[in-house]
Amino acid sequence: MTTPAGSGMGFGFVSWWGLSPALDLQAESPPVDSDSQGDTTHKTPELNVLLLGSVDGRHLLRTLARAELWPRRRFNVSLISEFKLAPTSLPSPAPPERSETFLELWGNSLLRPPVAAFVRAQAGRLASLVPEPDRLEEQQPWLSLNLLKFRERDALEAVFRFWGGSEKGPQAFPMSRLWDSRLRHYLGSRYDAKHGVSDWDLRMKLHDRGAQTIHIQEFRRWRYTGVAFELRDSSAYQEPNRTLASGRLLTYRGERVAARGYWGDIATGPFVAFGIEADDQSLLRTSNGQPVKTAGEITQHNVTELLREVAAWGRPRVTQENPEESWSPFSPAAPTREPFTIHFLPLDSAQTLHHKCCYQGRFQLLYVACGMVHLLSPELGACVVPGGHLVVELARYLVDIRSEQLQAFSARVEEMARAAGFVPHTGVNPSETFARFYKLRSSASGGRDPAVESGSDPGDVLASPLEPMSPPQADVAPPLEAMSPPQADVAPPLQGMSPPQADVAPPLESMSPPQADVIRPLEAMSPPQADVAPPLEAMSPPQADVAPPLGPMSPPQANRPYF
């Protein structure tokens, strides 16, 4: 049923971009203890971060770009979520071309032919690396897939094969038709008034919540066509962006069938991640009450600067001496700074990490996206060192969420964080976008600062299960039932905010999107899948044309690279 706030389906079942600005993870983590520096003469302290549902690489890019501002650390980033890998090379060393390619692949439903050809070439290369761990480690030492299950690696290879054009022809993924079908289903009877609906969503929701830089013209263009960043002539965007394809199980005539389509966001857009904040305050100037720069222009500037700084982080000398050489932001050559590693963890491991000794008290920083808050538990909190930090993304920029629901969601986040052993961080400025907490230090720590300890190798064998932690503030945290508002009036219990665990691994393992891909902060936004799935004809074109068997085609969201 469509309401004045929308159908609740605007954010989809798969998330392709972040709905909060990029963070510098070092700024969010505990500082390196100066008293411990004497012990690290021959070993640089490590920053171990667990990202749960971070969606894309915006936080990692910003962290690497700003690494010069902080003491030297080696980064170990573990991911339990959908994530978009960075490219190994881009076709041109010119920064504008790099940023344009990045933005098209990341936020546009349609691509220019040269960019589509680049995707096919890189996808074929990555598909050949995934099943060969030795070659992958040799060519991409910053990327570790060793902890993924074999079926997840097979699904990842199938994703790259699909991107590389294993299924020819536009009918393999008719993006324009799929986008229009999603929009019609989302707006319902309001489709004929889509101009007014988009204006209302932008001015009365996103602008009121701090995203004033998003211009009405660029928001309308994205809402109607899926093209957020029109950096060249509009006629140049012709080929579908296959990196936005995903699969889903639908109920059709009483049977569950697999369908490929676009199941992502059609409500907010990719402007929030890089387009509403800037280090250069001149980009945020206003004239006559209106921003002088659009979110698209700010995004392009910010991404260009990030990629330039990351390139300098990895290969400053090679870039200057050999300007024609292919650019690689994550190349280990000329390691002028400490290296980093991205560890992909199994998609269903968030509830089992505490059983592994190597993860007990390992992470100095835990980041939880708004669609994954239901996984925040005392068991997950046991993986954070005493004194470690917790950052939770709030639902500020979810268009279909009303103000009272936002307040209820924030209250539930604090409630669950306290139950997991964290307390609000009072030393930071209040934010409506992120909730920040820290974990109380244990008296058994012996006065050591574990924030700079490296911990054990995550590849170690399991020891004994960790007993659930008893948070120090468990006596002061009221029961969930006592704090949460009535379900019918404001917000349901948090279990209703995201799909049940059964959705993590459906019968067709490589077909349906994993649970980490689902953003359903409130039950009113997104009813259970079986109840809301309309007949297949209403959701996507006939299966014979656009929904072939999904086995080798549906990308598990955690493995979707960006380029």
Side-chain angles (χ1 to χ4, degrees), residues 8-9 11-15 18-20 50-55 78-83 265 345-355 363 366-384 390-396 398 400-401 405-422 434-437 468-469 471 477-487 490-506 512-532 557-558:
M9 302 292 292
F11 309 106
F13 297 87
V14 180
S15 181
L19 297 178
S20 60
L50 176 60
L51 301 178
L52 185 58
S54 61
V55 177
S78 300
L79 305 170
I80 309 178
S81 68
E82 61 287 350
F83 200 80
D265 171 34
L345 302 182
L347 297 174
D348 57 353
S349 62
Q351 297 174 327
T352 60
L353 279 183
H354 64 285
H355 292 307
F363 301 104
L366 170 61
Y367 175 90
V368 182
C370 62
M372 308 296 287
V373 174
H374 62 285
L375 296 177
L376 181 58
S377 63
E379 290 77 17
L380 188 62
C383 299
V384 180
L390 166 67
V391 178
V392 180
E393 179 187 53
L394 301 179
R396 181 180 184 181
L398 302 186
D400 283 351
I401 304 300
Q405 292 174 320
L406 292 176
Q407 297 174 3
F409 184 81
S410 300
R412 293 301 300 276
V413 166
E414 179 175 349
E415 185 180 337
M416 295 196 72
R418 288 183 178 275
F422 298 88
F434 299 101
R436 295 175 170 88
F437 307 86
M469 291 184 62
L480 298 183
E481 296 79 11
M483 292 190 65
S484 60
Q487 179 175 359
V490 182
L494 198 59
Q495 292 83 348
M497 295 181 184
S498 59
Q501 183 67 19
D503 293 340
V504 175
S512 62
Q515 181 180 7
D517 303 331
V518 183
I519 294 186
R520 284 189 264 183
L522 293 171
E523 188 174 271
M525 271 179 48
S526 166
Q529 180 175 338
D531 298 331
V532 302
Q557 178 73 353

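Since we're looking at a predicted model, the values are computed, not measured. One is the number of the first residue; the rest follow in order along the sequence.
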Quiz prompt | Test applied, side-chain contact (heavy atoms from CB on, under 4.5 Å); reference residue, L345; option that passes from L51, L50, L79 | solution = L50
Practice problem: Write down the atom of L406, the atom of A395, and the distance for their closest heavy-atom approach. | Solution: CD2-O, 2.9 Å
Quiz prompt | side chain to side chain contact (heavy atoms under 4.5 Å, CB included) assessment of L52 paired with L375 | solution = CA-CA 9 Å; L52 185 58; L375 296 177; 4.0 Å; yes
Quiz item: What are the two closest non-hydrogen atoms of A420 and S377, and how far apart are they?
Solution: CB-O, 3.4 Å
Quiz item: Hey, are the side chains of L380 and L366 touching, using non-hydrogen atoms and a 4.5 Å cut-off?
Solution: yes
Practice problem: Mind running side chain to side chain contact (heavy atoms under 4.5 Å, CB included) on C370 and L19 for me, showing each step along the way? | Solution: CA-CA 9 Å; C370 62; L19 297 178; 5.6 Å; no
Practice problem: For L390 and A417, work out which heavy atoms get closest and say how close. | Solution: CD2-CB, 3.9 Å
Quiz item: Mind checking whether I401 and F409 have side chains closer than 4.5 Å, heavy atoms only?
Solution: no
Self-check item: Considering all heavy atoms, the nearest D400-Q405 contact
Solution: O-OE1, 4.1 Å
Quiz item: Does a side-chain heavy-atom distance below 4.5 Å link M416 with V373?
Solution: yes
Exercise. Considering non-hydrogen atoms only, spot the tightest contact between E414 and F437 and give its length.
Key: CA-CZ, 3.8 Å
Quiz item: From I80 CD1 over to Q351 CD, what is the distance, rounded to the nearest 0.5 angstrom?
Solution: 10.0 Å
Quiz prompt | Nearest heavy atoms of A419 and P378, plus distance in Å | solution = O-CG, 3.3 Å
Quiz item: Going from OG on S349 to NE2 on H355, what distance comes out if it is rounded to the nearest 0.5 angstrom?
Solution: 11.5 Å
Quiz item: Among all residues two or more places apart in sequence or in another chain, which pass the side-chain contact (heavy atoms from CB on, under 4.5 Å) test with S410?
Solution: L394
